[in-house]
Amino acid sequence: MNVKISLPDGSVREYPQGVKGSEIASSISEGLARVALAIEVNGEVRDLARPIDQDASVKILTWNDKGGKSTFWHSSAHLLAEALEALYPGVKFGIGPAIDNGFYYDVDLGDRPFGEEDLAAIEAKMKELAKKENIYSRRDVSKAEAMEFFTKKGDEYKTELITDLKDGSITFYEQGNFTDLCKGPHIPNTGFIKAVKLLNVAGAYWRGNEKNKMLKRIYGITFPKQKELEEYLHVLEEAKKRDHRKLGKELELFAFSEKVGMGLPLWLPKGTILRERLEQFLRKAQVRAGYDPVVTPHIGSKSLYVTSGHYEKYGKDSFQPIHTPDEGEEFLLKPMNCPHHCEIYKTKPRSYRDLPVRLAEFGTVYRYEQSGELHGLTRVRGFTQDDAHIFCRPDQVKEEFIKVIDLVLLVFRSLGFENYTAQVSLRDPENKVKYIGEDHLWERAEREIQEAADERGLQTVAVQGEAAFYGPKLDFMVKDALGRSWQLGTIQVDYQLPQRFELEYVGSDNQKHRPVMIHRAPFGSLERFVAVLIEHCAGNFPLWLAPDQIAVLPISERFNDYAKLVYDKLKEQDIRGILDDRDEKIGRKIRDAETKKIPYMLIVGEKEVAEEKVAVRKHGQGDQGSVLLEEFIGKFRTECAAPN
RNA sequence: GCCGAGAUAGCUCAGGGGUAGAGCAUCCCGCUCGUAACGGGAAGGUCGUGGGUUCAAUUCCCAUUCUCGGCUCCA
């Protein structure tokens, strides 16, 4: 009997029943068979060696497929385990999955001291074992048999896992001398793994539960070609160079002080310019889009947050209330701007004609993040949101959403983030009780968010169960220059706060109605955004943002007067920059300006003085030749205008 | 918060039971210079903080703070 196999190109071929993925691959082309790692059968990734008994649509997976990569890395985790077992007899294993970039294995090495120094030896062992081209073979085992195997081995983690599995659906995979509980799939043999790098070791709780024992998690990555590993390591190195914590220090953008407190960034003068430029840019765009700027205090009465519900949900895990000398007064550091904005909404009765009301504030909020979670500017305890709340009628949600999407995209485009996607976060349909708000409003809002995203041509993924408890949301992810994804802006629909604050408007029917609230922040937080921007452009900010746009460099002290004249002329035009009149050689001055990543250098010497010119040098590009100073200023002013 | 590693000059880092060292930055002197580091000199450190062991601690031990790598969490 034959089975009909349909291929991704739409063609259908017949094969004898029980045909293997590897045979299908060979029948398509020998080249494909050589690089085939796994096969997707009706959407499920499987081993190439597993027989196919029924009609199916299949796709041969290679390194270029996501499923191929994850299979490859999962198999690499097994190879790591095999190497560990060879080098550390008696080692116990937790889990070893593939992750976005590589794989890890959680292991219990007992009391043995173990650190990153040990990784090289394991790596060598892995390479040695890989060369053997051991086959990953799958075998069904009964629960009892599986239990017996790991009990005998003394691996209590595996036996715990087996306890939770159903008899009849348990499989082992074996390669070389290593056997693991695993549902697969795997690549055909270890020989595909040509390049191995173990990256780091970290603690990880067994099953992610802090009550459990902490295992050692060994992270690694592998590739089918040595060259690909080298490229990957190069990207890692590049990422290190671009680390915003490093550049933030070098370029004097921000700093932290133990005395001020962890997670509380200090913005230095140059960083402040950057930040304020971003603020001004968005402020302008928001005024154009019909937002009203507001300002609210950094603290608020505890009762404000009791009303909003934040106190109940986060109060205990937050900065503790501030007490005044007078009894009974309690204030909280503002963790959110929305309660304040709700109170602004309530300062006067609102008509349906007034809506939407859009209140915007660069509001600094304070949240008690766990100490281990703090990280540069991306995770801090005090940060400024480019926050705004749109109070609108239910029938305006979609239109407002579209407007917000436009604003977010303007921000991304203006800052050079060309690659972005969006996640539509929906309710968990199985568990509607978790959420607040009427069913029909949710359904409508979820539909309208999706429609709004589609109308603007956004590439979206919908994820169920990811909504906030108060409403569905749209989260934006950007890819930076190194291909890393960051979550930035967010737009969220909220039914809860209008209800809690009893917000109302009078409708055309002369009845009171409840507005819908939209929270939105295109940057997310200024701190996080600046961090991402630094890493995206490696500290080479676009001209309109650069803290120092120009360095004026006299060739020698003899030309300092002219240099000062040039510098003053630039200042008059609001051009930011420095005058380097140090007693140094021009090569040195250029080098320093290049290191500081200043976009333009104006070099002035004998020739320039005589002709009222400046010799222009661009950062990273070198000498651009001389032009008249006036001419340069004219061009520069056009070039440094903020986008809009 | 939890596990692990670390903290030495403004920065990057070396050293190690007998009260510290380099390069860069800083300051001074000389040079007056044409597109990525001019030469010489000086100054600069309670070796994160607090305890303990020791004749002696920056070094060993304990605690603590902060930083880093993860885990967990994230309005």
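Quick note on labels: first sequence line is chain A, next is B, and so on, each numbered from 1.
- Nucleotide B/rG70 holds its P atom 14 Å from the CZ atom of A/Arg379, rounded to whole Å.
- Using a 4.5 Å heavy-atom cutoff, the side chains of A/Ser371 and A/Met262 are in contact.
- Looking at heavy atoms from C-beta onward, A/Thr222 lies out of side-chain contact with A/Leu79 at the 4.5 angstrom threshold.
- Within the 4.0 angstrom heavy-atom criterion, no nucleotide atom of any strand lies near A/Arg207.
- A/Tyr368 comes within 4.0 angstrom of sugar-phosphate atoms only, judged by non-hydrogen atoms across all strands, and of no base.
- The aromatic rings of A/His389 and A/His519 sit perpendicular to each other, their planes meeting at more than 60°, with 30° as the lower class boundary.
- Looking at heavy-atom distances under 4.0 Å, A/Glu606 makes contact with a base.
- Here the side chains of A/Glu594 and A/Ile590 are in contact, with some heavy-atom distance below 4.5 Å.
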Acceptor/donor pairs from residues 463-470 of chain A side chains to any protein atom, 3.5 angstrom cut, sequence neighbours excluded:
residue	atom	partner	partner atom	Å
A/Tyr470	OH	A/Gln492	OE1	2.4

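- In this structure, A/Glu611 atom CD and B/rG34 atom P are separated by 17 Å, rounded to whole Å.
- Across residues 516-526 of chain A, not one residue has a non-hydrogen atom less than 4.0 Å from an atom of RNA chain B.
- Positionally, the nearest nucleotide of RNA chain B for A/Asp243 lies more toward the 5' end than for the other of A/Asp243 and A/Lys313.
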Atom pairs under 3.5 Å, N or O on each side, protein against nucleotides 6-14 of chain B: can you list them with distances?
residue	atom	partner	partner atom	Å
B/rU12	OP1	A/Lys249	NZ	3.4

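- Which of B/rC66, B/rU32, B/rG34 sits closest to the side chain of A/Lys607 comes down to B/rG34.
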Base-pair string, RNA chain B, Watson-Crick plus G-U, cut-off 3.5 Å on both distances, | for inter-strand, is (((((((..((((....[..)))).(((((.......))))).....(((((..]....))))))))))))....

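- Checked against the 6.0 Å centroid threshold, A/Tyr345 and A/Phe391 count as a close aromatic pair.
- Counting atom types as modelled, A/Tyr205 pairs no side-chain N or O with a base atom of B/rC3 as donor and acceptor under 3.5 Å.
- Annotation: cation-pi geometry not satisfied between A/Arg528 and A/Phe523 (NZ/CZ under 6.0 angstrom from ring centroid, within 45° of ring axis).
- Contact annotation for A/Glu608: base contact, defined as any heavy-atom pair under 4.0 Å involving a base atom.
- Atom NE2 in A/His244 sits roughly 12 Å away from atom P in B/rU67 (whole-Å rounding).
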Checking salt bridge (Lys or Arg N to Asp or Glu O under 4.0 Å) for the pair A/Glu237/A/Lys240: CA distance, chi angles, key distance, verdict? CA-CA 5 Å; A/Glu237 227 170 89; A/Lys240 232 184 202 167; over 6 Å; no

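- Listed nucleotides B/rU32, B/rG69, B/rA75 differ in distance to A/Asn200; the shortest reach to its side chain belongs to B/rG69.
- Of the possible donor and acceptor atoms, none in the side chain of A/Tyr567 sits under 3.5 Å from a partner among the backbone N and O of A/Asp580.
- Across B/rU59 and B/rG17, the matching C1' atoms stand 6 Å from one another, rounded to whole Å.
- A heavy-atom distance below 4.5 Å is found between the side chains of A/Phe636 and A/Gln549.
- In summary, the side chains of A/Trp486 and A/Glu535 do not present any donor paired with an acceptor at a separation below 3.5 Å, with no hydrogens or angles considered.
- With B/rC74, B/rU67, B/rC33 as the choices, the nucleotide that has an atom nearest any side-chain atom of A/Tyr314 turns out to be B/rC74.
- Atom CD of A/Glu369 and atom C1' of B/rC73 are 8 Å apart (whole Å).
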Between the protein and nucleotides 36-46 of chain B, are there any N/O to N/O pairs under 3.5 Å, and if so, what are the atom names and distances?
residue	atom	partner	partner atom	Å
B/rA36	N7	A/Arg617	NH2	3.3
B/rA36	N6	A/Glu594	OE1	3.3
B/rA37	N7	A/Arg591	NH1	3.3
B/rA37	N6	A/Arg591	NH2	2.9
B/rA37	N1	A/Arg591	NH2	3.1
B/rC38	OP1	A/Arg588	NH1	3.4

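- Checking B/rU32, B/rG1, B/rG70 against the side-chain heavy atoms of A/Tyr219 singles out B/rG70 as nearest.
- Nucleic acid contact for A/Ala615: base, since at least one base atom lies under 4.0 Å from a heavy atom of the residue.
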Anything under 3.5 Å between a donor and an acceptor, one on a side chain of residues 597-613 of chain A, the other on a protein residue two or more places apart or in another chain? List them.
residue	atom	partner	partner atom	Å
A/Lys597	NZ	A/Ala538	O	3.3
A/Tyr600	OH	A/Glu639	OE1	2.6
A/Tyr600	OH	A/Glu639	OE2	3.2
A/Glu608	OE1	A/Gly605	N	2.9
A/Glu608	OE2	A/Ser626	OG	3.4
A/Glu611	OE1	A/Lys613	NZ	3.4

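- Side-chain nitrogen and oxygen atoms of A/Arg367 include none within less than 4.0 Å of the OP1 or OP2 phosphate oxygen of B/rC74.
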